[in-house]
A.B. asks: 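First, the structure itself, so that you have it in front of you.
For ligands, and for the atoms within them, numbers begin at 1 and follow the listed sequence. As the structure is a prediction and not an experimental result, all values here were calculated from the model. FYI, the numbering just counts along the sequence from 1.
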Amino acid sequence: MEPLATGSARGGKASILVSACLLGTPCRYDGKSQPCQTVIELARECELVPVCPEQLGGLPTPRTPSEVQPDGRVLDAAGNDNTRAFQTGARKALEIAREHGCDRAILKENSPSCGVHRIYDGSFSGTLAPGMGKTAALLSQSGIALASESEFL
Ligand code: SF4
């Protein structure tokens with residue numbers, strides 16, 4: 001990711017899309033947040049635009065955790081097919097990024113929506129594998145530069 005102060009800017013402040021759970025929103029599958037203080041402090045120099053793609057896709061909080069399957073579908077641990085909700089959430093997150101002029105995003109690693117470098121492998125065994133969540137993939141394909149919170153720790 002380029003230096004934050006030199007990104008695309010509105011009114012002199014770069015706008016960055018951020019996974020809402022990293023900013024303290026209790027939107028995770030377990031009803032908790034995962035605040036990252038270093039990311040939160042970026043608000044001093046940037047406009048941080050929070051999104052939770054899984055909520056945007058219409059899923060409840062708390063919810064049964066989902067994982068991306070090898071065939072690209074997204075199933076929850078009970079076997080429900082949430083692929084459509086994940087795709088909807090990704091599209092809505094991209095729309096919000098465009099509305100706010102975000103050309104970069106900081107997303108929560110390991111999530112089936114937001115994971116940038118790694119996601120769980122679909123077996124619900126706690127095994128991580130290289131890959132991107134559904135929203136991260138769509139944002140990346142759309143030209144938005146991605147980083148995960150792990151790069152700010
Ligand atoms: S979908 Fe993204 S923003 Fe929402 S809880 Fe999961 S990691 Fe956080």
A.B. asks: Give the table of side-chain donor-acceptor pairs shorter than 3.5 Å for residues 86-94, with sequence neighbours excluded, one pair per line with atom names and distance.
C.D. replies:
from  : atom 1 : to    : atom 2 : distance (Å)
Thr88 : OG1    : Arg84 : O      : 3.0
Lys92 : NZ     : Leu56 : O      : 3.4

A.B. asks: Can Ser111 and Ser113 be said to form a side-chain hydrogen bond (donor to acceptor under 3.5 Å, both in side chains), step by step?
C.D. replies: CA-CA 5 Å; Ser111 154; Ser113 289; 4.5 Å; no

A.B. asks: For a side-chain contact (heavy atoms from CB on, under 4.5 Å) check, start with the C-alpha distance between Tyr120 and Asn110, then their side-chain angles and the critical distance, and finish with the verdict.
C.D. replies: CA-CA 6 Å; Tyr120 289 102; Asn110 304 342; 4.0 Å; yes

A.B. asks: Let me have the donor-acceptor pairs involving side chains of residues 133-143, under 3.5 Å, with sequence neighbours excluded, atom names and distances please.
C.D. replies:
from   : atom 1 : to     : atom 2 : distance (Å)
Lys134 : NZ     : Gly72  : O      : 2.6
Ser142 : OG     : Leu138 : O      : 2.7

A.B. asks: Spell out the protein N/O/S atoms under 2.8 Å from atom 4 (Fe) of ligand 1 as residue plus atom name.
C.D. replies: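 Under 2.8 Å from atom 4 (Fe) of ligand 1 - ignoring waters, which are not counted - the protein N, O or S atoms are Cys52 SG.
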
A.B. asks: Are the side chains of Leu107 and Ser19 in touch, meaning some heavy atoms are under 4.5 Å apart?
C.D. replies: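 Of all side-chain heavy-atom pairs linking Ser19 with Leu107, at least one is under 4.5 Å.
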
A.B. asks: Considering only heavy atoms of Arg63, which atoms of ligand 1 have at least one such atom less than 4.0 Å away?
C.D. replies: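 Those atoms are 5 (S).
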
A.B. asks: Quick test of your reading: applying salt bridge (charged side-chain N to carboxylate O under 4.0 Å, His left out), list the pairs with at least one residue in residues 53-71, sequence neighbours left out, ordered by first then second residue.
C.D. replies: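 Applying salt bridge (charged side-chain N to carboxylate O under 4.0 Å, His left out) to every pair that reaches into residues 53-71, excluding sequence neighbours, yields Glu54-Arg63, Asp71-Arg73.
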
